[in-house]
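Take a look at the structure set out below.
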Amino acid sequence: MPSTEKTNHNFALDVHEVAKLVPRGRVTSYGAIAHYLGKRVTARMVGWAMHACPPGVPAHRVVNSKGILSGKQHFKTPELMQKLLEKEGHQIVDDKIQRFGDVFWNPSEELA
DNA sequence: AATCTGACGGGCA
DNA sequence: GTGCCCGCCAGAT
């Protein structure tokens, strides 16, 4: 249960927690996680949090609002992110997840 | 101490 | 549809 109260400079932990809940074969966005955690947490903060994501967090399942693999450069190798996603059944064309609307997982609803 | 940057996103021109 | 601006806050310079 992530805290949505006042100043949490620990939201990174919440971000990681939510990221781990993303089902295999589904993806979510930085903004969706941010919205779920609360108003003070913005997509940028989520991005920052992912920067320090511990092992076990499926960071490849988190993309930007357009379904683009904006963070692939931060993986061990840029191809890794796409490869993992394709392995989970996603189609990716030009760094963009196809059928994004269908595989999108919204924590605010699915996890509400 | 001050400033810039960033795995982003929404709003407006 | 494209592009610029602003906000949010923690690191890095």
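Since this is a predicted model, take the numbers as computed values, not measurements. We name chains A, B, ... by the order of the sequence lines, and we start the count at 1 in each one.
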- Rounded to the nearest Å, what distance is computed from the CZ atom of residue A/Phe11 to the P atom of nucleotide B/dC8? 15 Å
- A/Trp48 CH2 to B/dG9 C1', straight-line distance once rounded to whole Å: 19 Å
- Task: Would you mind reading off the distance between A/Leu13 atom CG and C/dA10 atom P, rounded to a whole angstrom?
- Result: 13 Å
- OP1 or OP2 of B/dC8 sitting under 4.0 Å from any side-chain N/O of A/Ser70? yes
- Item | Among B/dA7, B/dG10, C/dC9, the nucleotide that comes nearest once only the side chain of A/Arg40 is considered | C/dC9
- With sequence neighbours left out, what residues match A/His16 under side-chain hydrogen bond (donor to acceptor under 3.5 Å, both in side chains)? none
- A/Ala32 to A/Ser108 - nearest heavy-atom pair and separation: O-OG, 4.2 Å
- Item | Spacing of the P atoms in C/dC4 and B/dT5 (rounded, Å) | 16 Å
- Task: Could you work out the separation of B/dA7 and C/dT2 based on their C1' atoms and round it to a whole Å?
- Result: 23 Å
- Message: Run the side chain to side chain contact (heavy atoms under 4.5 Å, CB included) test against A/Ser65 and tell me which residues pass, sequence neighbours left out.
- Response: none
- Remaining members of hydrophobic cluster (4.5 Å side-chain criterion), A/Phe104: A/Val27, A/Val63, A/Leu69, A/Phe75, A/Leu80, A/Met81, A/Leu84, A/Leu85, A/Ile92, A/Ile97, A/Phe100, A/Val103
- Qualifying salt bridge (charged side-chain N to carboxylate O under 4.0 Å, His left out) pairs with a residue from residues 41-54 of chain A, counting only residues at least two apart or across chains: none
- Message: Just the rounded figure in Å: distance from C1' of C/dC9 to OH of A/Tyr30.
- Response: 17 Å
- Query: Listed in order of residue number, which residues of residues 71-105 of chain A have a non-hydrogen atom at under 4.0 Å from DNA chain B?
  - Reply: A/Gly71, A/His74, A/Phe75
- Item | Remaining members of hydrophobic cluster (4.5 Å side-chain criterion), A/Val93 | none
- Run the side-chain contact (heavy atoms from CB on, under 4.5 Å) check on A/Val15 and A/Met45 step by step: do they pass? CA-CA 9 Å; A/Val15 171; A/Met45 298 302 95; over 6 Å; no
- Task: List for me each residue that meets side-chain hydrogen bond (donor to acceptor under 3.5 Å, both in side chains) alongside A/His60, sequence neighbours excluded, and say none if there are none.
- Result: A/Glu88
Could you list, one pair per line, each protein nitrogen or oxygen that sits under 3.5 Å from a nitrogen or oxygen of nucleotides 3-7 of chain C, together with the distance?
{"unit_1": "C/dG7", "atom_1": "O6", "unit_2": "A/Arg44", "atom_2": "NH1", "d": "2.7"}
{"unit_1": "C/dG7", "atom_1": "N1", "unit_2": "A/Arg44", "atom_2": "NH1", "d": "3.3"}

- Query: Given atom NZ of A/Lys66 and atom C1' of C/dT2, what is their separation to the nearest angstrom?
  - Reply: 11 Å
- Task: Give the rounded distance in Å between these two atoms: CG of A/Leu37 and C1' of C/dC9.
- Result: 14 Å
When you compare the protein's N or O atoms with those of nucleotides 11-13 of chain B, which come within less than 3.5 Å of each other, and at what distance?
none

- Sequence neighbours left out, what pairs pass side chain to side chain donor-acceptor pair (under 3.5 Å) with at least one residue falling in residues 94-105 of chain A? A/Lys72-A/Asp95
- Taking only residues two or more places apart in sequence, or in another chain, which ones meet A/Glu86 in a salt bridge (charged side-chain N to carboxylate O under 4.0 Å, His left out)? none
- Query: To the nearest Å, how far apart are A/Asn10 CG and C/dA10 C1'?
  - Reply: 12 Å
- Task: Any salt bridge (charged side-chain N to carboxylate O under 4.0 Å, His left out) involving residues 21-32 of chain A? Give me the pairs, sequence neighbours left out, ordered by first then second residue.
- Result: none
